[in-house]
2 protein chains.
Amino acid sequence: MNIPLPSETVFHAIESSIKCYRKFAQQNISEVFPDITIDQGLILLFLNKFPDMSQTEIAELVFRDNASMTRMINLMVKNDYLNRSINEQDRRRFNIEITPKGKDVLKRLPPIIARNRAQSLQGITEQEQEQLKNILKKMTANCTKIYAS
Amino acid sequence: MNIPLPSETVFHAIESSIKCYRKFAQQNISEVFPDITIDQGLILLFLNKFPDMSQTEIAELVFRDNASMTRMINLMVKNDYLNRSINEQDRRRFNIEITPKGKDVLKRLPPIIARNRAQSLQGITEQEQEQLKNILKKMTANCTKIYAS
DNA sequence: TTAATATATTTGATATATCAATTATTTTTA
DNA sequence: TAAAAATAATTGATATATCAAATATATTAA
């Protein structure tokens, strides 16, 4: 059976774009914060906006599983970006607190992220961005629907 | 500085779609080939089409670095999908040969891949797929151009 | 109100991701 | 041609990805 080569498909284009963006964005972040990864930055942004989030909820937002999230947060605690304490309302969970060092990142990271986003989207209109999101959402729905059944 | 939450951006939509697709596709592959990953499947497809490819060239096509490729191919050799032998024309390189077990995968995998692709793209027109590719290519170019400078 | 089920997180095992350094070989250049 | 530079692949170190199993706590149902 003959199928198009993987490199000709939309899937390849998707992987290519997001990998390139990540590499590019990480380089710009690393110049200022040598030991902050993109994902650690995302975790900080989410926690800052929703301080009561559980690890499981954060994991969903950044598309990782719980085990990965445990380890990522362990590392961020070790590097003094976060603190963990037991949630007395639900003793299965942790309260996750952003340390001063984490707050410093939150001050200086957003402009870098804004620049990364803007530069990577140069020449792509708002309308195209909406198209992009809509098409990708269809694809996500297709894949989710199917493997949940 | 206030920036849109990561979960509102196109980048999030991109990550979401490709992660969902990978999970969905992997599940369907695993039902038939329990120890073949999507990427191992891709490697087999590329090697089948271009038998003289070097590890470095394959790595580029699947967006991995050389170190990852070495380890992925090690594993595929261990699992008897590939064989390696030294390339006498250029003794830095290897010839990579697909074993009978690998060829069996190549017979039975393409229909599964075709089905995965079709199902995940249901309701997305050819035209939309082209739009998608074009927009993503712009993005890739933006990121590549910038961090190469 | 026990018992069963569900939820939140961790741990272990194995694979992959990535960087930097290293080895072996080939190509270029002085 | 010898030295320098480039290329192909590997290795070590550390982080992340993912599954399955385990632990602890909460919730639901009998």
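Residue numbers begin at 1 in each chain, while the letters A, B, ... track the order of the sequences.
- At whole-Å resolution of the value, CG in A/Asp35 and C1' in C/dC19 are 15 Å apart.
- Remark: P of C/dA8 and CE of A/Met53 are 14 Å apart, rounded to the nearest angstrom.
- Checked by atom type, the side-chain pair A/Gln55/A/Arg84 shows a donor-acceptor distance below 3.5 Å.
- The existence of a salt bridge linking B/Asp39 and B/Arg22 is confirmed by a sub-4.0 Å separation between a basic side-chain nitrogen and an acidic carboxylate oxygen.
- Counting only N and O atoms by type, the side chains of B/Tyr81 and B/Asp104 include no donor and acceptor under 3.5 Å apart.
- The side-chain tip of A/Lys19 does not point at the ring of B/Phe63 from less than 6.0 angstrom away and within 45° of straight on.
- Taking only side-chain nitrogens and oxygens, A/Gln55 comes nearer than 4.0 Å to OP1 or OP2 of C/dT10.
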statement: Each nucleotide of nucleotides 11-17 of chain C classed B (base within 4.0 Å of a protein heavy atom), S (only sugar-phosphate) or -, in 5' to 3' order, makes BBB-SSB
If you restrict it to nitrogen or oxygen atoms, what contacts under 3.5 Å exist between nucleotides 23-29 of chain D and the protein, and what is each distance?
| residue | atom | partner | partner atom | Å |
| --- | --- | --- | --- | --- |
| D/dA26 | OP1 | A/Arg91 | N | 2.9 |
| D/dA26 | O4' | A/Arg92 | NE | 3.4 |
| D/dA26 | O4' | A/Arg92 | NH1 | 3.3 |
| D/dA26 | O4' | A/Arg92 | NH2 | 3.4 |

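- Here B/Arg22 lies out of heavy-atom contact (under 4.0 Å) with every strand.
- In this structure, B/Phe24 and A/Thr144 have side chains that are not in contact, with every pair of non-hydrogen atoms separated by 4.5 Å or more.
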message: Set out, in order, the CA-CA distance, both residues' side-chain angles and the distance that settles side chain to side chain contact (heavy atoms under 4.5 Å, CB included) for B/Leu82 and B/Phe94, then state yes or no.
response: CA-CA 12 Å; B/Leu82 298 177; B/Phe94 291 108; over 6 Å; no
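- Between A/Lys138 and B/Glu128 there is a salt bridge, with a side-chain nitrogen of the basic residue lying less than 4.0 Å from a carboxylate oxygen of the acidic one.
- The salt bridge (charged side-chain N to carboxylate O under 4.0 Å, His left out) search around B/Glu130 returns B/Lys133, not counting sequence neighbours.
- The interatomic distance linking B/Arg93 (CZ) with C/dT26 (C1') rounds to 12 Å, in whole Å.
- Note: CD1 (B/Ile86) to P (C/dT26) measures 10 Å, nearest angstrom.
- When rounded to the nearest whole Å, the span between CG of B/Asp52 and P of D/dA8 equals 14 Å.
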